[in-house]
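Structure, as structure tokens:
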Protein chains: 2
Amino acid sequence: MLTHNQFDQQTIGMPASAGETLFLEGEPCDHVFEIRKGVARAVSMTHEGDRQILAFFFPGDSIGLPLAQYHRYSVEAATDLVHIRHSTRRWQESLARTCQDDTTILKSVWREEKAFIERGLILGRVGALARLSAFLIVLSRHLPPVHGLRALELPQTDIASYLAASPETICRGLKRLREMQIIAMPRRDRFAIEHPARLELLAEGIFE
Amino acid sequence: MLTHNQFDQQTIGMPASAGETLFLEGEPCDHVFEIRKGVARAVSMTHEGDRQILAFFFPGDSIGLPLAQYHRYSVEAATDLVHIRHSTRRWQESLARTCQDDTTILKSVWREEKAFIERGLILGRVGALARLSAFLIVLSRHLPPVHGLRALELPQTDIASYLAASPETICRGLKRLREMQIIAMPRRDRFAIEHPARLELLAEGIFE
DNA sequence: CGAACGTTTGATCACGATCAAAATAGGTGG
DNA sequence: CCACCTATTTTGATCGTGATCAAACGTTCG
């Protein structure tokens with residue numbers, strides 16, 4: 001939400017275009033990446049080459065926290081984005097300086113952790129429509145509306161990978177939600193939640 | 001793995017019996033819980049009363065880290081267990097003291113985070129048998145073998161909740177793995193991985 | 001011993017993966 | 001600006017898997 005914390009140097013945000021890799025699983029954690037604009041995705045590959053999207057990160061989130069020596073997942077730009085790199089050393093100094101009274105840094109740790117928990121919670125739901133609904137609710141909390149519409153810049157293939165569903169299922173699910181008048185999608189990459197209450201119900205697996 | 005770190009006071013571990021609650025979602029984070037023996041589970045309830053197990057925690061893991069002001073999930077004993085409570089204040093002091101040179105504390109943060117990521121990774125797999133296989137592999141890394149056997153003290157209902165599957169499916173999956181000679185279960189609550197390589201393949205969704 | 005819970009097995013059926021193909025959008029160069 | 005190419009989305013059809021219901025079996029309690 002807020003991008004103003006003690007990391008906030010007058011650094012110019014670095015741009016990255018969709019698909020670009022910010023860092024790779026296994027690389028040393030020498031930078032913390034703070035998202036300023038756009039969406040990033042954490043991905044993990046199994047040995048067999050299967051790709052899974054573990055989490056999405058939004059403006060204000062910090063990724064690649066030096067909790068271990070090496071990054072445990074890769075991060076790529078899911079959309080065009082702007083980010084800032086902080087050196088790990090500075091991050092740890094901040095941590096030492098502030099963690100006694102101020103909990104800002106710990107919050108950024110929490111935000112990262114929450115992103116992963118959130119996926120588990122969503123994947124735990126039964127029914128593809130319930131998962132998709134839950135995802136849209138989470139998305140809407142991260143993406144501020146412009147003119148009542150929210151940007152849905154993520155390709156449906158990414159959503160599918162995140163939700164452990166096939167792209168076809170995502171497409172059909174969105175169609176269904178439109179037909180039910182629960183969401184509106186005037187353009188492919190814009191959506192609005194018309195009926196939040198019913199969306200919540202669907203996310204709980206209740207069709208009425 | 002190691003239970004010896006700077007938290008290691010000469011405290012006597014506190015016992016808790018299966019099903020007991022260590023702390024509840026929403027309570028203030030005034031203690032960090034370190035598991036010494038047994039297995040704990042993090043659970044989350046939706047408003048509708050649906051229960052999901054978000055993660056299991058094993059000896060050496062610390063839970064309830066004060067990353068936010070209030071606990072974001074509840075923790076219960078999944079089996080009988082022994083744990084130690086550390087006051088949050090002490091934990092934060094340790095953090096401040098050690099995080100510049102030593103990374104022990106950050107590792108405990110990482111372990112908690114990893115537990116949640118792990119569930120996402122497992123749930124992302126296609127096929128109930130793949131998820132179950134992946135889960136058993138993870139379990140085997142946490143539970144040391146005694147006489148070649150590992151304790152499977154978790155009720156299958158818990159495994160089902162963790163894997164977002166029905167108890168029947170878990171039961172059938174275990175049966176199938178036994179029939180394939182991939183695992184052995186001489187008793188209901190003991191198992192051994194007879195054929196690790198094939199289990200890995202199954203976890204990848206490969207049936208040969 | 002009986003009650004309560006967890007596990008096992010069977011049968012049915014809806015959901016979602018998969019394959020295949022058309023339609024739409026996006027991007028590039030002529 | 002249009003033609004072309006590629007990637008993404010959409011739609012249709014089939015089929016296997018796993019949820020669900022129901023009931024028997026085993027275990028662990030009081």
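To find a chain, count down the sequence lines: A is the first, B the second, and so on, and within it residues start at 1.
- Rounded to a whole Å, the CG atom of B:Asp158 is 15 Å from the P atom of C:dC5.
- Between the P atom of D:dT9 and the CG atom of A:Leu154 lies a distance of 10 Å, rounded to the nearest Å.
- Heavy atoms of B:Ser166 sit under 4.0 angstrom from at least one base atom.
- Within the 4.0 Å cut-off from OP1 or OP2 of D:dT10, at least one side-chain nitrogen or oxygen of A:Gln156 is found.
- The environment of A:Gln69 atom CD is sparse: at most 12 non-hydrogen atoms of other residues, nucleotides or ligands sit within 6.0 angstrom.
- Shortest non-hydrogen contact noted between B:Pro59 and B:Arg111 is O-NH2, 3.8 Å.
- For C:dT9, the OP1/OP2 oxygens have a side-chain nitrogen or oxygen of B:Lys175 closer than 4.0 Å.
- B:His142 places none of its side-chain heavy atoms less than 4.5 Å from the side chain of B:Val39.
- Of all heavy-atom pairs spanning B:Asp80 and B:Ser17, the tightest one is OD1-CA, 3.1 Å.
- Spacing between atom CZ of A:Arg176 and atom C1' of C:dC15 amounts to 10 Å, rounded to whole angstrom units.
- Taking atom CD of A:Glu153 as the reference point, atom C1' of D:dA7 lies 18 Å away to the nearest angstrom.
- Of all heavy-atom pairs between A:Ala192 and A:Leu149, the closest is CB-CD2, 3.6 Å.
- Going from atom CD1 of A:Ile170 over to atom C1' of C:dT18 covers 15 Å, rounded to whole Å.
- With C:dT7, D:dA19, C:dA17 as the candidates, the nucleotide lying closest to the side chain of A:Thr169 is C:dA17.
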**Asked** Which dot-bracket string describes DNA chain D (Watson-Crick N1-N3 plus N6-O4 or O6-N4, or G-U N1-O2 and O6-N3, all under 3.5 Å; [ ] crossing; | other strand)?
**Response** |||||||||||||||||||||||..|||||

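- Using a 30° and 60° split on the angle between ring planes, A:Tyr73 and A:Phe23 fall in the tilted class, from 30° to 60°.
- Pairing each heavy atom of A:Pro15 with each of A:His83, the nearest pair is O-CE1, 4.4 Å.
- A heavy-atom distance below 4.0 Å to DNA chain C is reached by these residues of residues 127-137 of chain A, ordered by number: A:Gly127, A:Ala128.
- Side-chain contact between B:Leu202 and B:Leu132: absent, with no pair of heavy atoms (C-beta onward) separated by less than 4.5 Å.
- The shortest heavy-atom contact between B:Leu81 and B:Lys37 is CB-O, 2.8 Å.
- Nearer to the 5' terminus of DNA chain D, by closest-nucleotide assignment, is the contact made by A:Arg172 (compared with the other of B:Ala164 and A:Arg172).
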**Message:** Using a 4.0 Å heavy-atom cut-off to protein, can you give one letter per nucleotide of nucleotides 22-30 of chain D, 5' to 3': B if the base is in contact, S if only the sugar-phosphate is, - if neither?
**Reply:** B----S---

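- In summary, the side chains of B:Gln181 and B:His195 do not present any donor paired with an acceptor at a separation below 3.5 Å, with no hydrogens or angles considered.
- Ring geometry for A:Tyr162 against A:Phe135 counts as tilted: the plane angle lies between 30° and 60°, on a 0 to 90° scale.
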